[in-house]
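All ligand and atom numbering here is 1-based and tracks the order in the structure. Predicted model only: the values in this text are computed from it and were never measured.
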Amino acid sequence: MTASPDYQAILETIAAKVRPLAAQGRVADYIPELAKVPADKFAMAVHTLDGRRFAVGDADERFSIQSISKLFTLLMALRMKKETLWQRVGREPSGNPFNSLVQLEHEQGIPRNPFINAGALVITDVLCRHFVQADRAVLEFLRRLSGATDLNFDSAVAESEAEHGYRNAAMANFIKSFGNLDSPVDTVLQSYFRQCAVRMSCQELATAGLLLANHGTVPASGEALLTPSEAKRINAILLTCGTYDAAGDFAFRVGLPAKSGVGGGILAILPGELAVAVWSPALDENGNSLAGAMALEHFTTLTGRSVF
Ligand code: GLN
């Protein structure tokens with residue numbers, strides 16, 4: 001094992017390099033409430049399994065986690081359904097945008113993977129059948145993993161998305177027509193919009209992600225939430241599907257399992273070592289944080305660490 005990199009110095013170098021890139025991206029505006037977030041925010045946090053924490057920028061400021069929630073809802077559903085979960089959702093990269101409907105028709109309402117919207121709606125349905133209030137259960141799970149007991153929803157963001165969520169509504173109805181949604185469409189959509197609207201900081205996301213670096217066990221509590229095999233598989237799906245139709249390019253550039261969201265956050269995992277979260281609200285054409293992806297690319301280059 002080589003000596004640990006100087007993570008703090010590396011984060012500061014990265015911040016200086018990538019901050020200006022935000023000007024080349026666009027803050028998501030299809031959810032009008034998200035468009036209010038200043039494009040020049042930047043944060044990055046690294047939490048290691050041996051308990052060290054490094055951060056730069058607005059790392060304690062909370063933002064809308066959006067699709068990063070898809071990772072945590074998948075963990076919850078997998079814990080309940082185990083292998084049978086894969087009868088309802090696949091694990092192949094889609095090669096299509098996160099909100100695409102095109103493959104659903106050919107695949108009889110079985111979404112390609114849990115990290116595109118269609119797949120996350122099916123996962124949310126699993127949670128809606130199991131919990132009286134699935135959105136609360138997701139919030140509690142995130143509080144437990146992050147240790148931040150005051151995490152909450154941003155109701156303005158959830159309502160703003162519900163008001164403009166025509167594509168997700170179309171998708172949920174389409175999946176329902178194939179019989180792959182048990183709960184009422186509206187129940188699933190409301191829960192989905194709320195879990196996407198949870199606000200977390202880079203520090204909190206990095207802590208929450210550590211169980212995936214630690215083979216399924218939460219380092220702080222010693223609780224084994226996943227088996228090592230399940231954790232390995234989730235990391236594999238993150239690598240192949242976590243950044244939508246850009247997942248191939250992201251693996252090429254960054255080489256870490258990661259999940260992005262249109263709030264501009266990305267949570268990435270270096271199995272056996274650390275979790276790293278980055279936030280910059282301006283997005284590229286695939287809906288991934290432009291400066292965030294570049295920051296992670298520099299991170300694996302400068303530390304010499306990736307899964308490859
Ligand atoms: N709530 C967003 C949506 O469903 C999440 C998308 C994302 O972060 N990629 O469109």
Side-chain angles (χ1 to χ4, degrees), residues 25-37 62-74 89 93-102 104 111-125 127-128 134-135 138-139 142 153-175 181 185-200 202 205 237-238 241-247 249-250 258-268 277-290 292-293:
R26 272 192 66 187
V27 179
D29 56 6
Y30 75 98
I31 303 173
E33 207 45 43
L34 285 184
K36 297 180 180 169
V37 180
R62 290 179 175 162
F63 56 92
S64 202
I65 64 170
Q66 291 299 319
S67 282
I68 302 176
S69 63
K70 294 177 168 85
L71 164 61
F72 298 101
T73 52
L74 173 63
V89 62
S94 70
N96 275 306
F98 65 85
N99 56 4
S100 174
L101 284 101
V102 294
L104 278 173
R112 273 280 171 116
N113 69 67
F115 292 152
I116 50 175
N117 288 14
L121 289 166
V122 169
I123 296 293
T124 303
D125 182 55
L127 303 184
C128 287
D135 57 344
V138 175
L139 183 64
L142 289 170
F153 306 108
D154 184 332
S155 298
V157 169
E159 282 159 26
S160 175
E161 182 163 13
E163 227 174 281
H164 297 84
Y166 303 111
R167 277 192 92 87
N168 283 321
M171 213 174 292
N173 278 291
F174 202 34
I175 298 169
L181 220 59
V185 163
D186 202 51
T187 306
V188 175
L189 285 173
Q190 292 308 324
S191 192
Y192 172 78
F193 294 143
R194 284 176 68 74
Q195 73 213 17
C196 286
V198 171
R199 289 167 62 79
M200 290 174 79
C202 279
L205 277 171
I237 305 172
L238 282 171
C241 311
T243 46
Y244 323 116
D245 39 341
D249 193 53
F250 192 90
K259 186 73 207 83
S260 62
V262 292
I266 309 178
L267 171 61
V278 61
W279 175 46
S280 167
L283 309 178
D284 63 19
E285 65 282 4
N286 299 116
N288 297 314
S289 171
L290 196 141

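- In this pair, Phe98 and Tyr244 present their aromatic rings tilted. The plane angle is within the 30 to 60° band.
- At least one donor-acceptor pair closer than 3.5 Å links the side chain of Ser289 to the backbone N or O of Ser280.
- Take Asn117 and apply the side chain to side chain donor-acceptor pair (under 3.5 Å) test, not counting sequence neighbours, and it matches Lys70, Asn168, Tyr192.
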Quick check for students: name every N or O atom pair between ligand 1 and the protein closer than 3.5 Å, with distances.
residue, atom, partner, partner atom, Å
ligand 1, 1 (N), Gln66, OE1, 2.6
ligand 1, 1 (N), Glu161, OE1, 2.8
ligand 1, 1 (N), Glu161, OE2, 2.8
ligand 1, 4 (O), Asn117, ND2, 3.0
ligand 1, 4 (O), Glu161, OE2, 3.0
ligand 1, 4 (O), Asn168, ND2, 2.9
ligand 1, 4 (O), Tyr192, OH, 2.6
ligand 1, 8 (O), Ser67, N, 3.0
ligand 1, 8 (O), Ser67, OG, 2.7
ligand 1, 8 (O), Val262, N, 2.8
ligand 1, 9 (N), Ser67, OG, 2.9
ligand 1, 9 (N), Tyr244, OH, 2.6
ligand 1, 10 (O), Tyr30, OH, 2.6
ligand 1, 10 (O), Asn117, ND2, 3.3
ligand 1, 10 (O), Glu161, OE2, 3.4

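- Scanning for side chain to side chain donor-acceptor pair (under 3.5 Å) contacts around Asn113 gives an empty result, with sequence neighbours left out.
- No donor-acceptor pair under 3.5 Å is formed between the side chain of Asp125 and the backbone N or O of Leu121.
- Taking the side chain to side chain donor-acceptor pair (under 3.5 Å) definition, one finds that Asp29 meets it with Arg26, sequence neighbours left out.
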